[in-house]
Number of protein chains: 2
Amino acid sequence: MGKGLETRERILAIAEMSVLAKGFGATSIDEVIAEAGITKSGFFYHFKDKNELARAMLLRYVEANNRVFDDVFGRGRQLSDDPLQAFLIGLKLLAEVMADLPHGHPGCLIASVCYQERMFDREVRAIAVNSVQGWNVRFRATLDEIAAQHPPREAVDLDTVADMMSCIVDGGIIMSKLMADPRRLEHQVLAFRSFVKMLFSPSPAVPAGQVSAPATRVDSSHVDPHLL
Amino acid sequence: MGKGLETRERILAIAEMSVLAKGFGATSIDEVIAEAGITKSGFFYHFKDKNELARAMLLRYVEANNRVFDDVFGRGRQLSDDPLQAFLIGLKLLAEVMADLPHGHPGCLIASVCYQERMFDREVRAIAVNSVQGWNVRFRATLDEIAAQHPPREAVDLDTVADMMSCIVDGGIIMSKLMADPRRLEHQVLAFRSFVKMLFSPSPAVPAGQVSAPATRVDSSHVDPHLL
DNA sequence: GAAAACGCTGTACCTGCGGTACGGTTTTTG
DNA sequence: CAAAAACCGTACCGCAGGTACAGCGTTTTC
């Protein structure tokens with residue numbers, strides 16, 4: 001990474017923290033540059049105005065989020081051929097990732113943007129909307145796969161279930177932030193997991209042996225405490 | 001309502017709209033007073049500073065929210081003696097209330113505060129925390145009642161389920177605001193309702209006749225499309 | 001019916017921040 | 001070594017939050 005990109009990255013990280021703690025409108029450029037150890041001119045060299053900063057922040061955030069999703073649900077698929085099991089494993093891993101954040105989840109930039117829509121131009125809002133839509137279609141596709149093999153017990157719209165994923169995470173972040181209790185987010189993800197499990201599990205009697213042998217090694221963490 | 005309280009209420013309503021649309025830090029007093037038709041001095045007569053405005057706004061919001069909860073879940077209890085059915089009816093009514101908002105839910109002030117914590121003093125944050133905790137113990141008590149009669153099918157912590165209610169609503173508000181689609185919030189509440197239903201329903205075979213005869217008349221709206 | 005409290009208005013002023021402009025300087029890179 | 005990249009310094013504008021205080025009409029209270 002060149003020195004320019006490094007500084008840019010530092011600005012974005014600091015600004016994200018500030019935005020999540022105080023809101024975009026209350027985030028002062030002076031504070032950001034002081035913490036980043038640069039001058040105002042330096043800042044405006046990288047971002048022509050605050051909206052460009054917002055755009056870059058959002059893109060950075062969405063990308064990082066996508067990497068996490070790719071990681072946990074990709075691992076889920078590696079660990080089971082059954083789409084339901086794979087998704088449940090992914091959710092378990094996601095809950096673990098959320099729980100392992102040192103000071104709890106810092107906050108969701110999408111939610112922050114949502115609660116300050118008037119502050120941003122169309123492009124920023126479009127980035128937020130597209131990202132969420134992308135996650136929804138992603139999870140919707142997964143749910144379709146699952147439903148093909150496991151007929152859902154309740155007549156619930158799968159788009160709504162896919163949407164629920166984002167809602168639970170965003171709601172869980174708010175609760176864990178507000179209550180200063182990182183575990184709440186973890187619990188919410190696991191509760192959503194229970195919902196999915198119940199929705200696609202045919203009967204109280206549990207059919208065992210659907211989990212294929214793990215092809216990949218799992219790094220130190222035992223994955224199978226509550227798989228079914 | 002005295003003239004003073006009337007002006008105060010007008011200020012609070014306008015400020016709430018602005019805060020939900022732009023964030024607290026970006027909400028300008030000049031804009032609020034312009035819309036309220038008063039002067040700056042008039043504003044500072046009612047609120048000594050922005051933090052006092054925030055406190056009053058939050059209290060107003062929480063109170064309104066409590067009224068809605070009291071209303072829908074109170075009606076639920078009127079319509080069924082079974083705690084599960086009463087809760088499910090309440091959730092259905094809540095979803096309807098959410099769907100009937102003319103321009104969608106304007107936003108949750110608690111979430112807004114959460115994403116701008118650094119802007120507020122301890123008291124404001126305490127109000128937010130206490131309100132959410134109040135809702136959680138309320139729903140937890142309801143869930144305890146339900147669980148006493150309907151053993152839950154999954155080993156889920158009831159505190160987490162109670163928490164999930166707030167998460168779903170806050171998450172649903174974010175999604176519906178972001179996507180400009182008020183129905184998403186309604187769907188999320190109904191999805192949570194499905195979760196509760198599944199969690200406390202003993203088996204796929206539905207035992208009928210648990211709904212007691214409604215003692216109260218239902219005002220024009222037919223309550224029983226998807227009760228079980 | 002006078003006094004006090006209420007509900008504001010008007011003016012003036014200070015501070016800090018977002019943002020612009022622009023010339024100069026150092027650092028990196030081809 | 002030269003050019004591009006990555007900044008620094010300074011000076012400035014306008015707006016918003018916030019303070020201070022004097023005053024004024026209306027309503028309430030004794």
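Per chain, numbering begins at 1; letters A, B, ... match sequence-line order.
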Please state how far atom NZ in K48(B) lies from atom C1' in dG17(D), giving the value in whole angstrom units. 16 Å
Between I38(B) (CD1) and dC6(C) (P), how many Å, whole number? 18 Å
To the side chain of F44(A), which of dG9(D), dG17(D), dT20(C) is closest? dT20(C)
For the pair R184(B) (side chain) and M179(B) (backbone), establish whether a donor and an acceptor sit closer than 3.5 Å, ignoring hydrogens and angles. no
Quick one: sort the F24(B) and F120(B) rings into parallel, tilted or perpendicular, breaks at 30° and 60°. tilted
Distance, rounded to the nearest Å, where I33(A) contributes CD1 and dG16(C) contributes P: 15 Å
Touch class at under 4.0 angstrom, heavy-atom based, for K40(B) against every strand present: base
Using atom CZ of F120(B) as one end and atom P of dG17(D) as the other, report the distance to the nearest whole Å. 14 Å
Please determine whether a side-chain nitrogen or oxygen atom of H46(A) lies at a distance below 4.0 Å from atom OP1 or OP2 of dC7(D). yes
For F47(B) and dG7(C), what is the distance between atoms CZ and P respectively, to the nearest whole Å? 12 Å
Expressed in angstrom and rounded to an integer, what is the separation of F43(B) atom CZ from dG17(D) atom P? 9 Å
Chi angles and distances behind the ring pair (Phe, Tyr, Trp, His ring centres under 6.0 Å) call for Y115(B), Y115(A): CA-CA 8 Å; Y115(B) 273 106; Y115(A) 274 105; 7.4 Å; no
From NZ of K50(B) across to P of dG17(D) the rounded distance in Å is 5 Å
Backbone N or O of A36(B) within a donor-acceptor pair of the R10(B) side chain at under 3.5 Å? yes
Less than 4.0 angstrom between a side-chain N/O of T7(B) and OP1 or OP2 of dG7(C), yes or no? no
Between G37(B) and S28(A), which is nearer to the 5' end of DNA chain C once each is assigned its nearest nucleotide? G37(B)
Check: S41(B) side chain, dG10(C) base, donor-acceptor under 3.5 Å: yes
Atom pair distance, as rounded to whole Å: CD in E6(B) and P in dC8(C): 9 Å
Below 30° counts as parallel, above 60° as perpendicular, anything between as tilted: where do the rings of F139(B) and F69(B) land? perpendicular
Is the phosphate of dA6(D), meaning OP1 or OP2, less than 4.0 Å from a side-chain N or O of Y45(A)? yes
